[in-house]
Number of protein chains: 4
Amino acid sequence: MYEDLREAVYQANLQLVEAKLVVLTWGNASGVDRQAGVMAIKPSGMDYRTMTADDIPVLSLETGEVIYGNRRPSSDTPTHRVLYNAMPSIGGVVHTHSPYGTSFAQARHAIPCYGTTHADNFHGPIPFTRDLTEEEIGSEYELNTGKVIVETFDEMWIDPLHVPGVLVGGHAPFTWGKDTASAVENAIVLEFSAMMACQSLSINPQTRPIPQSLLDKHFFRKHGPSAYYGQRK
Amino acid sequence: MYEDLREAVYQANLQLVEAKLVVLTWGNASGVDRQAGVMAIKPSGMDYRTMTADDIPVLSLETGEVIYGNRRPSSDTPTHRVLYNAMPSIGGVVHTHSPYGTSFAQARHAIPCYGTTHADNFHGPIPFTRDLTEEEIGSEYELNTGKVIVETFDEMWIDPLHVPGVLVGGHAPFTWGKDTASAVENAIVLEFSAMMACQSLSINPQTRPIPQSLLDKHFFRKHGPSAYYGQRK
Amino acid sequence: MYEDLREAVYQANLQLVEAKLVVLTWGNASGVDRQAGVMAIKPSGMDYRTMTADDIPVLSLETGEVIYGNRRPSSDTPTHRVLYNAMPSIGGVVHTHSPYGTSFAQARHAIPCYGTTHADNFHGPIPFTRDLTEEEIGSEYELNTGKVIVETFDEMWIDPLHVPGVLVGGHAPFTWGKDTASAVENAIVLEFSAMMACQSLSINPQTRPIPQSLLDKHFFRKHGPSAYYGQRK
Amino acid sequence: MYEDLREAVYQANLQLVEAKLVVLTWGNASGVDRQAGVMAIKPSGMDYRTMTADDIPVLSLETGEVIYGNRRPSSDTPTHRVLYNAMPSIGGVVHTHSPYGTSFAQARHAIPCYGTTHADNFHGPIPFTRDLTEEEIGSEYELNTGKVIVETFDEMWIDPLHVPGVLVGGHAPFTWGKDTASAVENAIVLEFSAMMACQSLSINPQTRPIPQSLLDKHFFRKHGPSAYYGQRK
């Protein structure tokens, strides 16, 4: 039952550890099967070293109910589910407390696009959400975290696959992609771009974003119909 | 004799090395057996690579005398003992010179709660102690280090299990927890939170702590009767 | 066919990973055979862990056409080719997004020569290029990246083997050397010097470059006819 | 011939790599046999991975002539020899380009004693030397580097075993100790203290050194007749 999906989600969670994006149990990756109407996600608070693909629970996208597995899903599951339901083009979501991305989230500062490393995967600055209200925190907190992400992208008219990540203010980054593996890659790029943005600002507080033409060039040489990066498939 | 206690303390000391919180021999973990009235702690100045569980000395909580083992206990033992005697709810203590925690201790700057990573384990800023006086340093220095920690928590009316750590001014962090393993986890979270606080301040010197409602939400979703993080036990 | 060249280029690409200068697939090393009029370079977007020497394509220096191998060459190939054709003394080129070098490139700030570590391999500050124009980005971008590097060195009258590297503004570093292995070494030194320049500026914003006499001493004790560093060959 | 000395020096050089204090071939450790009037040191520019104890040359302390081995000694040998001849209490010398120590050397900024980590091994700030003159660089540069270190300690009336290290301005740190192993330990502590001093200044630019009483306490609980740290020998 959903073996491929659970295996992909399991592997993605291990890759987050290997890429040093998670410490302790902070972080989770999920994936979706749109046809079956289900998502799979890391179990809550489990040690990455003892977890197996069998521990990955599967839930209904519509109701959020667990329909496969004995483990309690990540406490961040409602956030992932809101994203899948509001962004039909995405196939995977990743949440980490990766250090530089989280530092920008804590500083409530977007990650500006200072170079081509960032532009290869994110077509513009990575935005941060407004703070949640006391009411939004008090009830259905994780669900409201998802809603405030969706609100941010709706208000700024950004295509989620063009800027596949966000900083939740005072909390940490979420990334996504066309599948779980892409969401992991975007989590790596977000962290690396955040680290270099922080260092660039330290070297030169007047550092400016790259011009639009360079941003377009790098993003579209890897994404969309004119892409020419990588091997022919 | 006290085999489980010594083994737990031995493992905790190895975990500090694995988590890269100690360099050379700077750091020690201890644990307590309240019923037996004893504590076990790392031996002084021993190499973590050659130490075995058999090298862990056991002492009387009341008198401080070694009652098991041939090794001299850590020179920081009196600090640990003061904490166990003044804080009846704790079961383990950890001392490290982890780099960012120590940098905040040197800067005599509390670690503000800038995000949910910090809030998951510490219900508020991690305070620093006042400097010891010349008299306190000159006689029974390690004992007085413990006393100034207890004084800090008494004056601020903080429950030690709600803010399970402190920065000793000009020195380094101490953490604790309900057992030795929790004290190690709190040492990891303290260091990670300190690193991100330093980076957040570098990105935005006006970074503000998260609101009380978010602090409460994250701490109490992991601790206390309403916790819902992790697997059911 | 060109087995030694492909093997050297393959090894150089692995060394970039080992030296932690590349993340994901960002980075490439190439080498040249001047007599045969060919260059070899990393294939585009391939995982360093699965790549073998057989995947390294060989191209004509003059026309840029692939004359050996089935893989599409790195998208940065035109940049490398311009450098080989304009700088007849170089035998290898390396491109990375190494974090501190890239941060200086993003900050559009030369790496000043603050110490002997830098002076051992670079006889002066490592310059950055002007930004490419919209036209240069819009058409033959990678070729124009090479041209703006050559322009930088022509205008400043710098011998490319005396300052074997550059920062492309808003992008990342390129280094080179008498062969591919030297280009890799220079990429390592550039990154290490950039990291220490950033830290030196953080400690003392008034840090000044070392005097010319010390710069000369260190560079020429390792390079040129009066060198006395290392073992007699 | 001098087998123990060469083995100790060989091991010390490997420990510098293991402690991540050297990159490429930047760094060297040496040791002395006072009775025999000889010193042993790393060979110049050799890869640490292929070097064996047999490659360690032995020289006369008085004349500097190689009296054992086929390898050319480190180009920094004259600096080490000046230190051994001017500081009769030291038994080992280490030179590295460790990143934070070197950054302070480049910034021409002493490493202040901001905490007990530093105070455990260095009884006060780690000073930096004045810049060498053009004449001192032009002729017998490495010998003059040693002389300017000795000058620094003579002028400040510091016992070299109380502050077992120095920053050579615009260059990098040298450390020493009662034997080669202690010199390596002091190189590790210097780098770690430099890193935390840099971070402390970043967190609080007004960070002040610890008081004299705390400095004395920590240094003398590990060194001299009243030491009580570690196991009884």
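As a basis for the values below, the full set of heavy atoms in this structure was taken, side chains included, without hydrogen atoms, waters or symmetry mates.
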> What's the spacing between B:Met196 CE and A:Phe104 CZ if we round to 0.5 Å?
Replying inline: 13.5 Å
>> My understanding is that only residues two or more places apart in sequence, or in another chain, count here; which of them pass ring-ring contact (aromatic ring centres under 6.0 Å, His included) with A:Phe122?
In response: A:His118
> Is the count of non-hydrogen atoms from other residues, nucleotides or ligands lying under 6.0 Å from B:Glu7 atom CD greater than 12?
Replying inline: yes
>> I need the A:Ser103 OG to B:Ile203 CD1 distance, nearest 0.5 Å.
In response: 5.0 Å
>> How long is the straight-line distance from OG1 of B:Thr116 back to NE2 of A:His171, given to the nearest 0.5 Å?
In response: 3.5 Å
>> Tell me whether the rings of B:Phe192 and A:Trp26 are parallel (<30°), tilted (30 to 60°) or perpendicular (>60°).
In response: tilted
> Does B:Lys222 NZ have over 12 foreign heavy atoms under 6.0 Å away?
Replying inline: yes
> Is it the backbone or the side chain of A:Asp76 that comes under 4.5 Å from a heavy atom of chain B, or both, or neither?
Replying inline: side chain
> Which atoms of B:Ser202 come close to chain A, meaning under 4.5 Å heavy atom to heavy atom: side chain ones, backbone ones, both, or neither?
Replying inline: side chain
> With respect to chain B, which residue among A:Ile137, A:Asp131, A:Leu201 yields the maximal number of heavy-atom pairs within a distance under 4.5 Å?
Replying inline: A:Ile137
>> Counting heavy-atom pairs closer than 4.5 Å to chain B, which one of A:Ser74, A:Ala172, A:Pro99 comes out on top?
In response: A:Pro99
> Can you tell me if A:Gln106 and B:Ser200 form a side-chain donor-acceptor pair at under 3.5 Å?
Replying inline: yes
>> If I measure from the heavy atoms of chain A, does B:Ala119 come under 4.5 Å with its side chain, its backbone, both, or neither?
In response: neither
> Going from CZ on B:Arg208 to CZ on A:Arg108, what distance comes out if it is rounded to the nearest 0.5 angstrom?
Replying inline: 6.0 Å
> What part of A:Glu142 gets closer than 4.5 Å to chain B, counting heavy atoms only: side chain, backbone, both or neither?
Replying inline: side chain
> So how far is it from A:Ser44 OG to B:Arg221 CZ, rounded to the nearest 0.5 Å?
Replying inline: 8.0 Å
>> Check this for me, if you would: do B:Lys217 and A:Glu140 make a salt bridge, where the nitrogen-to-carboxylate-oxygen distance has to be below 4.0 angstrom?
In response: no
>> Please evaluate residues A:Leu24 and B:Val189 with respect to the criterion side chain to side chain contact (heavy atoms under 4.5 Å, CB included), reporting the C-alpha separation (whole Å), side-chain torsions for both, the decisive distance (0.1 Å), and the verdict.
In response: CA-CA 9 Å; A:Leu24 299 173; B:Val189 176; 3.7 Å; yes
>> Just checking B:Asp47: does its CG atom have more than 12 heavy atoms from other residues, nucleotides or ligands closer to it than 6.0 angstrom?
In response: yes
>> So for B:Ile188, is it side chain, backbone, both, or neither that comes closer than 4.5 Å to the heavy atoms of chain A?
In response: side chain
> Just how far is it from atom OG1 of B:Thr117 to atom NE2 of A:His97, taken to the nearest 0.5 Å?
Replying inline: 4.5 Å
> More than 12 heavy atoms of other residues, nucleotides or ligands under 6.0 Å from CD of A:Glu134: is that the case?
Replying inline: no
>> Report which part of B:Asp216 has an atom under 4.5 Å of a heavy atom belonging to chain A: side chain, backbone, both, or neither.
In response: neither
